[in-house]
> 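So that we are looking at the same thing, I have put the structure below in C-alpha cells.
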Amino acid sequence: MDAALRDAGLSDVIEDIEIRLLLEALNLRYHYDFRNYAQASIRRRLKQARQRLGMPTFSALQEALLHDKAMLPQLLGYLTVQVSEMFRDPSYFRAIREKVVPVLRTYPSLRIWIAGCSGGEELYSLVILFREEGLEERTIFYATDISQEALETASRGIYALDRIKGFTENHRLSGGKSSLSDYYTTGYGGAVFDKSLRDRVVFSDHSLVTDAVFAEMQLISCRNVLIYFNRELQNRAIGLFRDSLVRGGFLGLGSKENLRFSAHADGFANFVRDEKIYQRREG
Amino acid sequence: MSGAPPRIVVIGASAGAIQALSVILPELPADFPVPIIIVVHVPTDRSNILAPLFETRCRMTVREAEDKEQALPGVIYFAPPDYHLLVESDATLSLSTDEPVLYSRPSIDVLFESAADSFGDAVSAVILTGASADGARGLKAICEAGGVAMIEEPETAQADTMPLAAAAACPEARILTLEAIADYLMKDIAA
C-alpha cells in the first residue's frame, strides 16, 4: 500500500472516531441520541452539516456544539430534515381508506399516532382522509417528532405552492372524496391549510429512541422514519409501537420498510401486505 | 489494477441504462463472489421494472433492495424508485428519503460515497451511460479511498454526459467499453 492510500485509510478512521465522539457529545450534553441511527445516512447528513456550518472538522463542530447552545437547533435541523409529500404513495392511503377505515368505524372513539410527523404532510393527509370518511370528530391525532422545528412547521401547515400540484394528484389517486383545494387558501407565498384541520391534533415532542409508550392507539402511521435507524433501534421502535397499540390496532410503515428483521414481528400480522399495513395480534 | 480485493461492486447508470446493463449483467455467473449494487435513474412513480426485467436475463439473483437487508454474494440489488440507497460497513443496505441530489433520487453519488466510506479501497465502481452529472462526485470519493473506478467509453455510450463528467472528476479512472467492463468483472473478480 503506498503512502497516499495509507493516508486515505487513516483519515477515514479518524473521521469515524470524530463522528462517534460528536454523537456522544450530542447525547451527553443535550440528550439527543443519534448513536443508533443507520450509519451511512447519519454520516452523510453530518458531512453536509459540517460543510454548511463552515467547520473544518467534526472535532471543531463538536467543540462549537458543546460550548454554544445556538449550534444545537442548527445541527438538529440537518440531522432531522425530512422531505415528504401529502398522500405520498397514494395506494397506501387508499388501503387505509378502503381496508382500515371500515374496522376503525367500529370504535366509538379513536386515537391515531403519526410518529415522526416531520413537516406535517402525512398528518394533514390523514386528517383530511378521516374528515372525508366522517371519522374526524371521534378522533384525536397525536403528531410527534423529536425536532421542535419540525413540530412548528407542522403546526403552521403552510406549504410551497409548487408542491400543491403533486399533493393534489396524490390525493386524487388515493381515492379522495373532495377537492384538496377545499382545505387551503393561498397567501404568504404558499398554500395555508385550514386551521380547523388541527382542531383534533395534539403536537408533542417525543423520541422513538428514548421515550416510552404512548396511550392506547388504534392506528400508528410511521413512514420512512425507521429507515434512518439501525436494526437495534428499529427493534426498539417497533416494540414501542406494539405496546402502544390496542389489540387489533394497525401499524402502517413506509413502502420499503418491513418487520422482517424485528424481534417483535410475531406480535403483528400482515393486514395489507403490499402497503406494509400490519395488525397487532390478539393476546 | 490497484485496490484491495473488492468486497462490493457498485454501478450507476441513467439514460440508456437498460441496454448497457444488458451487455454486462447476463455475463456474470450465479456464484459471483460479491454483491452488486446498482442505482439507475428511473421515474419516481414507484413502479419497479428493473429487478423483474433483469431477473429473467441474469444467472445472478436480482432483487430490489430492502431496508436493512444484508447484501449477499451472487445477488444484484437495484435501488427502489424514489429512495436513496446506501451501503453500511457491515454490508447491510439502508434506504433514505433525503432530498434528491442533482434532481435524482435514487442518486448515484449517494450510493458511491457511502460505499467509499464503508469499504474504502475494497470497492469496484462503474459509471455507465447517462445524461446527467450524477456519479462524478461519488466516483471521485471511490478513487480517493483507493477503490477501482471504471467508466464506460463516452464515445460509444448512448449518452456521454455522465461518463464525461465522471472522467473529468476522476482522471485516474479506467475508460472501458461495456465488453471490457464485463470482462474485468469476470476475470478480476469472478475468477
Side-chain angles (χ1 to χ4, degrees), chain A residues 1-2 4-13 15-16 19 37-48 78-85 88-92 118 166 169-170 173 223-235 253-262 274 276, chain B residues 2-4 37 44-48 63-70 77-101 105-107 109-122 137-138 140-147 172:
Chain A
M1 200 191 274
D2 65 31
L5 277 183
R6 215 165 35 239
D7 287 350
L10 184 61
S11 69
D12 283 352
V13 171
E15 194 171 87
D16 281 350
I19 287 174
Y37 273 50
Q39 280 242 323
S41 283
I42 199 83
R43 194 196 288 126
R44 182 168 174 271
R45 287 177 165 197
L46 282 171
K47 281 183 175 176
Q48 274 181 348
Y78 288 109
L79 294 188
T80 57
V81 62
Q82 273 276 49
V83 190
S84 190
E85 294 161 33
R88 179 181 159 110
D89 304 323
S91 56
Y92 171 81
S118 189
E169 177 65 1
N170 285 349
L173 291 171
R223 311 196 66 223
N224 299 320
V225 174
L226 298 184
I227 51 177
Y228 289 99
F229 295 173
N230 71 11
R231 280 196 195 184
E232 184 186 335
L233 193 50
Q234 286 192 349
N235 209 29
L253 300 179
S255 61
K256 305 299 171 191
E257 295 172 320
N258 62 68
L259 296 182
R260 242 184 7 173
F261 306 122
S262 165
D274 288 348
K276 305 297 165 74
Chain B
S2 64
I37 305 177
T44 57
D45 62 6
R46 316 334 180 212
S47 63
N48 174 44
R63 283 193 208 143
E64 184 176 277
E66 281 195 55
D67 185 54
K68 300 298 168 300
E69 179 172 19
Q70 183 77 44
Y77 299 89
F78 281 100
D82 214 17
Y83 287 83
H84 294 305
L85 174 60
L86 302 90
V87 56
E88 306 281 353
S89 47
D90 61 359
T92 56
L93 304 175
S94 284
L95 300 176
S96 120
T97 51
D98 281 4
E99 66 272 32
V101 176
R105 188 169 64 196
S107 149
D109 283 340
V110 170
L111 172 66
F112 281 20
E113 285 173 356
S114 77
D117 280 334
S118 297
F119 291 99
D121 59 355
R137 262 184 69 140
K140 184 164 180 258
I142 297 219
C143 286
E144 284 171 358
E172 57 272 59

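Reminder, nothing fancy here: chain letters follow the sequence lines and each chain counts from 1. The shown structure was predicted, so the numbers you read here are calculated from the model rather than taken from an experiment. The figures here come from the full heavy-atom set of this structure, side chains too, leaving out hydrogens, waters and symmetry mates.
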> Closest approach of F261(A) and D67(B), non-hydrogen atoms and distance?
CE1-O, 3.2 Å
> If you round to the nearest 0.5 Å, how far is CG of D98(B) from OG of S41(A)?
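The OG atom of S41(A) sits 6.0 Å away from the CG atom of D98(B).
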> For R137(B), look at atom CZ and say whether over 12 heavy atoms of other residues, nucleotides or ligands are found less than 6.0 Å away.
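Incorrect, the count does not exceed 12.
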> Which heavy atom of V87(B) sits nearest to which heavy atom of A40(A), and what is that distance?
O-CB, 3.9 Å
> In the structure I gave you, are the side-chain heavy atoms of T97(B) and S84(A) within less than 4.5 Å of one another anywhere?
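Of all side-chain heavy-atom pairs linking S84(A) with T97(B), none is under 4.5 Å.
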> Find the distance between CG (D117(B)) and CG (D16(A)) and round it off to the nearest 0.5 Å.
7.5 Å
> When heavy-atom pairs shorter than 4.5 Å are enumerated against chain B, which of E257(A), E15(A), K47(A), R260(A) gives the highest number?
R260(A)
> So, for V110(B) and R44(A), which heavy atoms are closest and what is the spacing to 0.1 Å?
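In this case the closest contact between V110(B) and R44(A) is CG2-NE, 3.4 Å.
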> Answer with side chain, backbone, both or neither: which region of N258(A) has an atom nearer than 4.5 Å to a non-hydrogen atom of chain B?
side chain
> Which bit of Q48(A) comes within less than 4.5 Å of chain B, counting heavy atoms only: side chain, backbone, both or neither?
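Just its side chain gets close to chain B.
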> Got a second to check how far L85(B)'s CG is from K256(A)'s NZ, nearest 0.5 Å?
11.5 Å
> Can you tell me how far apart CZ (R43(A)) and CD (E88(B)) are? Round to the nearest 0.5 Å.
7.5 Å
> In Å, rounded to the nearest 0.5 Å, how long is the span from CG of D82(B) to CG of D89(A)?
7.5 Å
> Under 4.0 Å between a Lys/Arg side-chain N and an Asp/Glu carboxylate O for R231(A) and D90(B)?
no
> Taking side chain as everything from C-beta outward and backbone as N, CA, C, O, which of these in S94(B) sits under 4.5 Å from a heavy atom of chain A? Side chain, backbone, both or neither.
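Just the side chain, heavy atoms under 4.5 Å.
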> State, to 0.1 Å, how close L226(A) and K68(B) come at their nearest heavy-atom pair, and which atoms those are.
O-NZ, 4.5 Å
> Just so I understand: if I count every heavy-atom pair under 4.5 Å between each of A65(B), G120(B), P80(B) and chain A, which residue has the most?
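The answer is P80(B).
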